[in-house]
Amino acid sequence: MDIDSETTSSKEDHQTKTIAVLLVGAPGSGKSTFCDKVILSASRPWVRVCQDTIASGKAGRRVQCIMSARAALKEGKSVFIDRCNLDRGQRGDFTTLSSLGAEVHAVVLDLPAKLCVARSVKRTGHEGNLQGGKAAAVVNKMLQNKDLPKLYEGYSRITFCSNENDVEEAIKMYSALGPKDTLQSGCFGQKNPDSEVQPGIMKFLKKVETPKYSTSQAKNSTSSEISADDSLCDKEPEKASSSCNDDVKGTGKNAELAEGTVADRGVSSLSNTPTLAFPSISTADFQFNIELASDIIVEKVEEYANKLGEAKLVLVDTSHGSKILSLVNLKAGRKRIDSSKFTTFVGDITKLYSEGRLHCNVIANTANWRLRPVGGGVNAAIFNAAGPELETATKERAKCLKSGSAVAVPLPSTSPLFWREGVTHVIHVLGPNMNPLRPDCLNNNYREGCKVLQDTYSALFEAFASIVKNEEKFLKGDNISGKPAESLVGKAKDHAPKSDQKVKRESTHESEKTKKFKGSQDGIESDGQGNLGSDRICGGTSKTWGLWAQALYHMAMDPGKYKNDVLEITTEVVVVNDLYPKAKRHILVVARKQGLACLADACEEDEVLLRKMHAKGLEWIQKFLLEDKSLIFRLGYHSVPSMRQLHLHVISQDFDSKHLKNNKHWNSFNSAFFRDSYDVIHEIGRKGRVTLKDNEQLLSKELCCHRCQRAQPDLLHLKAHITNCRIPFPLFLQEKWRLVRASTM
DNA sequence: GTTCTAGAAC
DNA sequence: GTTCTAGAAC
């Protein structure tokens with residue numbers, strides 16, 4: 001059924017298209033049998049090239065296999081390459097057979113190890129003399145290191161067989177191929193969901209198992225909502241078609257398990273390693289020689305792979321038949337570049353996560369010298385996908401770009417590329433131009449051209465290294481002493497906001513405070529410490545703070561008076577439990593600085609304070625996680641707070657609280673009204689201030705689950721839904737600095 | 001920030 | 001009848 005009859009008939013008068021089939025499989029997987037069966041019944045002429053017998057009946061070398069295959073193809077015969085071919089290095093050279101006009105296929109006999117072992121132990125008279133007791137050890141060893149083929153290695157088709165039935169089907173299919181028939185291109189029959197992510201990429205991603213949901217999402221990004229829901233509910237198939245807000249109770253343990261699984265295996269690992277995706281520079285529109293370019297890529301990758309620590313590099317191209325990817329793969333294989341640090345990937349660089357499940361937080365753009373979103377290719381695609389945000393952010397950084405250089409642009413969180421794909425930076429690069437129709441053509445001067453291309457890759461990788469370094473610095477909490485808080489460490493337990501006692505206590509206190517101020521008109525008078533009462537300048541506009549709204553301010557100014565209520569006091573912050581916690585854990589880190597009523601008041605000089613507040617929040621999260629490691633936290637600010645004095649919310653994402661009572665509560669923590677501490681710090685660092693959004697609109701928007709983003713009719717449904725929903729958090733939250741969980745601490 | 005209340009909407 | 005929403009008061 002895969003036979004492409006249309007193609008066949010349209011090529012009626014063309015010459016026979018030869019095929020080179022690489023069999024991939026452990027000893028005992030049935031490669032030789034496969035070849036023999038096809039050759040016996042096929043009308044197309046086939047030749048079997050077997051490394052075990054190629055040297056006058058004895059085992060030969062890979063080169064001999066290639067020579068032999070080339071000879072057969074030149075005679076118009078199709079060939080089977082009968083050797084294990086279990087890793088990329090072993091397979092590399094065979095894809096070059098396409099230069100003879102042959103289609104290169106791979107047939108993977110990925111049968112259970114047990115079966116392969118059993119067969120190879122039992123057999124007698126094996127050509128390679130791999131039989132008996134030693135076979136078991138060899139097969140096992142080989143299978144441990146297997147790295148199945150990917151389309152981007154240069155195959156036009158890969159057929160996976162995972163059981164004997166599949167093998168029989170594949171044999172029939174190849175047997176049925178007449179001299180002029182062809183098979184449909186692509187990847188077929190792979191049962192393992194990893195295949196959807198391009199198999200080899202899993203090694204690159206430290207072989208993390210992809211969660212089930214990713215398969216459906218990757219397959220059909222436009223209907224990910226439904227797919228995601230289906231996979232979520234697969235424990236209860238009958239509920240799969242309805243939304244998961246059904247009253248599926250008693251999920252406690254299961255839910256926890258599911259969460260743990262998701263966090264541990266899939267997305268978090270995918271998201272946390274800094275990864276740069278880059279297209280091949282100058283080889284498209286700038287017509288740089290591909291052979292030379294591939295040498296330079298491999299040379300530069302080799303140079304930087306180790307300098308970059310844990311960070312990873314991915315060369316991306318949209319085309320399956322990409323010559324540059326094949327060449328780079330081959331050369332990287334020869335140089336034994338660590339495939340967990342560098343890989344190639346076939347896909348759209350603007351959709352790596354949504355379509356390929358590959359999360360790259362930084363992507364490179366082959367820009368033009370004006371840094372304008374014009375033209376075609378990668379540049380237009382990236383500007384288009386990133387929206388006007390990239391253009392604006394780029395203008396802030398640079399006006400133009402010299403060839404051989406790079407400029408890194410942080411992407412605003414409003415850019416679709418940021419929130420959909422998890423891209424935080426775009427690095428624009430400009431390589432050498434060999435195209436006479438484009439500016440600054442080097443007229444085939446490859447001496448100069450190679451130097452410029454080397455410089456461009458160096459600039460790109462340096463810029464990436466600098467981004468990685470900054471992120472690390474941020475995560476370490478630069479300038480912050482790692483010491484635990486001196487004053488009230490260990491109070492987490494004592495002050496757990498579990499009991500209502502605490503709330504009541506603060507409640508009482510608050511009413512006392514209020515009583516205290518009852519006599520004063522409008523509350524504008526001095527608070528007794530020479531500070532203004534309720535009139536503050538907030539972000540340039542005067543804002544009146546009601547008396548009730550000043551409790552935090554008073555605590556921050558004179559925490560000694562509130563010793564029973566504060567969890568911790570330092571010279572710069574006080575930490576308190578939120579009076580009305582909206583989740584199991586919900587604390588506030590309050591700045592003690594005068595004149596800092598809210599986020600709008602924060603300016604450049606406050607960056608250090610904001611970092612310290614963040615670090616303090618992390619310290620407390622660490623304590624909370626000791627008690628309940630299933631909690632997941634988010635740290636952030638309300639765009640326009642109700643309470644005077646800048647305070648950082650540190651809140652667990654269960655939202656399991658009787659105090660969460662209305663839409664505004666929900667949206668204040670689950671819309672752009674809630675500004676992640678990470679983003680606030682970066683924005684202050686870059687612009688010296690924080691931009692705030694239209695708040696009323698944000699707070700009254702419809703209720704959406706913070707995980708699956710599915711809209712809920714009202715708060716009751718939402719609450720029921722979130723107790724069950726285990727869809728992973730949206731990508732922009734997956735960054736470890738936005739969501740904090742046990743596995744990321 | 002919460003609570004209370006009244007009127008609208010269902 | 002119940003639920004939702006907005007405004008006032010604290």
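Note: hydrogens, waters and symmetry copies are ignored here, and every other heavy atom, side chains too, is used. A note on names: the letters A, B, ... follow the listed sequences, proteins ahead of strands, and every chain is numbered from 1.
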Requested in this report: Indicate whether OP1 or OP2 belonging to B:dT2 is found under 4.0 Å from a side-chain N or O atom of A:H665.
Outcome: yes
Report summary line: When rounded to whole Å, the CG to P distance for the pair A:L579 and B:dT2 reads 8 Å
Report task. Report yes if the distance between the aromatic ring centroids of A:F669 and A:H586 is under 6.0 Å, otherwise no. Result -> yes
**Report entry** Aromatic contact, A:F729 with A:H706 (centres under 6.0 Å)
**Finding:** yes
Query raised in the report: Which whole-number value in Å describes the distance from A:L715 CG to C:dT2 P?
Result: 20 Å
Query raised in the report: Below 4.5 Å, heavy atoms only, C-beta onward: do A:R585 and A:I621 meet side chain to side chain?
Result: no
Query raised in the report: Given C:dT5, is OP1 or OP2 found less than 4.0 Å from the side-chain N or O atoms of A:K664?
Result: no
Query raised in the report: Within this structure, what is the CD-to-P distance between A:Q712 and C:dT3, rounded to whole angstrom?
Result: 18 Å
Requested in this report: Send over the distance from A:Q645 CD to B:dG1 C1', rounded to a whole Å.
Outcome: 16 Å
Query raised in the report: Counting any heavy atom closer than 4.0 Å, what does A:H647 reach on the DNA or RNA strands: base, sugar-phosphate only, or nothing?
Result: nothing
Report task. Would you kindly give the NZ-to-C1' distance between A:K658 and B:dT3, to the nearest whole Å? Result -> 14 Å
Requested in this report: Check whether the side chains of A:H682 and A:D679 place a donor and an acceptor atom closer than 3.5 Å, and report yes or no.
Outcome: no
Requested in this report: Check every strand shown and say whether A:K582 touches a base, only sugar-phosphate, or nothing at a heavy-atom separation below 4.0 Å.
Outcome: sugar-phosphate
Query raised in the report: How would you label the contact of A:D714 with the nucleic acid (heavy atoms, under 4.0 Å): base, sugar-phosphate, or nothing?
Result: sugar-phosphate
Report task. Find the distance A:L660:CG to B:dT2:P and express it as a whole number of Å. Result -> 9 Å
Report task. Give the rounded distance in Å between these two atoms: CG of A:L699 and P of B:dG1. Result -> 9 Å
Query raised in the report: How close or far is atom P of C:dT5 from atom CG of A:N663, stated in whole angstroms?
Result: 6 Å
Query raised in the report: Which word best sums up how the rings of A:F633 and A:F624 line up, parallel for under 30°, tilted for 30 to 60°, or perpendicular for over 60°?
Result: parallel
Report task. Answer yes or no for this row: A:W548 ring on B:dG1 base, centroids under 5.5 Å, planes under 30°. Result -> yes
